[in-house]
Amino acid sequence: MMMMERIRQLDQTRARYAQSVRGRWANMPLWMRIVGIVAFIALLFYLPYLKHLPFAYIRTDLTPGGSDWSSVLFTIALYVT
């Protein structure tokens with residue numbers, strides 16, 4: 001029973017942390033949220049050009065044929081939705 005209690009305690013800690021992040025995001029001004037979303041989207045488009053691990057494994061230009069990143073993101077969006 002002690003292990004289950006520890007797991008519950010860790011889950012409650014995770015839930016409190018997630019709630020605080022959601023609260024901070026909701027309290028941000030609209031312009032800051034828009035800047036954050038745009039920066040995140042820019043990061044997604046920049047990922048193929050990062051040469052640091054673990055991002056080097058998801059690069060699509062390592063093979064001669066490669067894949068353009070917009071097609072890869074479209075395929076990912078299809079599977080996510």
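Residue numbers start at 1 and run along the sequence shown. Not measured: the values here are computed from a predicted model.
Arg22 is linked by a salt bridge (charged side-chain N to carboxylate O under 4.0 Å, His left out) to nothing, counting only residues two or more places apart in sequence or in another chain. Judged as a side chain to side chain contact (heavy atoms under 4.5 Å, CB included), and not counting sequence neighbours, the contacts of Leu10 are Arg6. Partners of Asn27 under the side-chain hydrogen bond (donor to acceptor under 3.5 Å, both in side chains) rule, at least two apart in sequence or in another chain, do not exist in this structure. Contacts of Leu30 classified as side chain to side chain contact (heavy atoms under 4.5 Å, CB included), with partners at least two apart in sequence or in another chain: Ile34. A search for side chain to side chain contact (heavy atoms under 4.5 Å, CB included) contacts involving Val21 returns Tyr17, Arg24, not counting sequence neighbours.
The residues Asp11 and Arg14 are annotated as salt-bridged, a charged nitrogen and a carboxylate oxygen being separated by less than 4.0 angstrom.
Here CE of Met2 is found 10.0 Å from CD of Gln9. Values are rounded to the nearest 0.5 Å. Atom CG of Leu78 is separated from atom CG of Leu73 by 11.0 Å, given to the nearest 0.5 angstrom.
Taken together through direct or relayed side-chain contacts under 4.5 Å among Ile, Leu, Val, Met, Phe, Trp and Tyr, Met28 and Val38 form parts of separate hydrophobic clusters.
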